[in-house]
2 protein chains.
Amino acid sequence: MTTNIVDRVAVIKALAHPTRLRIAELLAKKTSCVGELHQQIGGDLSTVSKHLTVMREAGWLTCQKTGLHIYYSLACDCLDDFLRCVDSLSTNSNCC
Amino acid sequence: MTTNIVDRVAVIKALAHPTRLRIAELLAKKTSCVGELHQQIGGDLSTVSKHLTVMREAGWLTCQKTGLHIYYSLACDCLDDFLRCVDSLSTNSNCC
DNA sequence: TCATTACTTGGCGAAAATGCCAAATACTTT
DNA sequence: AAAGTATTTGGCATTTTCGCCAAGTAATGA
């Protein structure tokens, strides 16, 4: 199958937001439910929930329902590689 | 220095667009000027130019002026790793 | 200097993303 | 069944992004 550029963009876009990137970092450390993430992040709980939906639909997260809680986890083990690449890009370009 | 989440998001966001991702792929194969990229991509030339500015300011691109042309190149060697991570995420999540 | 080629910048309407509130759903406990 | 807890969904105003057009800048050549 051909690598669809639309799917790729959806994945990348799902991390192209400060709150969602923060969520990814938090979930890389510890599987959590929406309420726990909300405590770290602030703002509206429903906003956090919607960010989680975006990330889950893009493929970054898996989730598991246990009683009243829904626990979210990072679905990949490549976030460090991904961010290593991101951090390697210098913003101060000596260009034309 | 602390890794600033705002800078990271700017880098990620710069690739979170179908045309810009396409540009990254094209430039990974071959250093090109705006006109050459425009031939591959279509649309308005000024739009392509603006996408290049976004990518350059984020750090993805370097550029070099030679006469009338401005040649753009990928500034990193980690695009493959980056995309490998992106492609590893399955969209069809078997979640709640 | 004038015309041409290559590219960028300004501006603006259209589309998409964001965040908050209110309401709805789902499960548990009493 | 009713109340309580955890989370999602709907809706909407605000902000951001996008793409095209027109105009501007920069280097080259006649």
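Lettering of chains follows the sequences in order, A, B, ..., and the numbering in each one begins at 1.
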(message) Could you check whether any side-chain heavy atom of A:Asp87 comes within less than 4.5 Å of a side-chain heavy atom of B:Asp7, counting everything from C-beta outward?
(response) no
(message) Is there a side-chain contact between A:Tyr71 and A:Glu36 in this structure, where contact means two heavy atoms from C-beta onward sitting under 4.5 Å apart?
(response) yes
Take the protein atom [atom1] of [X] and the nucleotide atom [atom2] of [N], then report the distance between them rounded to whole Å.
X	N	atom1	atom2	value
A:Leu15	C:dT18	CG	P	12 Å
B:Ile12	D:dT17	CD1	C1'	17 Å
A:His69	C:dT25	NE2	P	21 Å
B:Lys50	C:dG10	NZ	P	9 Å
B:Met55	D:dT17	CE	C1'	16 Å
A:Leu45	C:dA26	CG	P	17 Å
A:His38	D:dT5	NE2	P	16 Å
B:Leu52	C:dA6	CG	P	16 Å

Of the options [options], whose atoms approach the side-chain atoms of [X] most closely?
X	options	answer
A:Lys65	D:dT7, C:dT9, C:dC27	C:dC27
B:His51	C:dC7, D:dG11, D:dG19	D:dG19
A:Asp44	D:dC18, C:dG19, C:dC21	C:dC21
A:Ile70	C:dA6, D:dT7, C:dT8	D:dT7
A:Lys13	C:dA17, D:dT28, C:dC20	C:dA17
B:Ser46	D:dG10, C:dT5, D:dC21	D:dC21

(message) To check you understand the geometry: which heavy-atom pair defines the closest contact between B:Glu25 and A:Ile5, and what is its length?
(response) OE1-CD1, 4.0 Å
(message) Heavy-atom nearest nucleotide on DNA chain C for A:Leu68 versus B:Ser49: which residue maps closer to 5'?
(response) B:Ser49
(request) Between A:Thr47 and A:Thr66, just flag the one whose closest nucleotide in DNA chain C comes earlier from the 5' side. (result) A:Thr47
(message) Please tell me if A:Tyr72 has a side-chain N or O lying less than 4.0 Å from either OP1 or OP2 of D:dT8.
(response) yes
(message) Quick check on D:dG19: is either OP1 or OP2 less than 4.0 Å from any side-chain nitrogen or oxygen of B:His17?
(response) yes
(request) Inspect cysteines B:Cys85 and A:Cys78 and report if their side-chain SG atoms are under 2.5 angstrom from one another. (result) yes
(request) Would you mind checking if B:Arg84 and B:Asp81 are paired as a salt bridge, meaning a charged N to carboxylate O distance below 4.0 Å? (result) yes
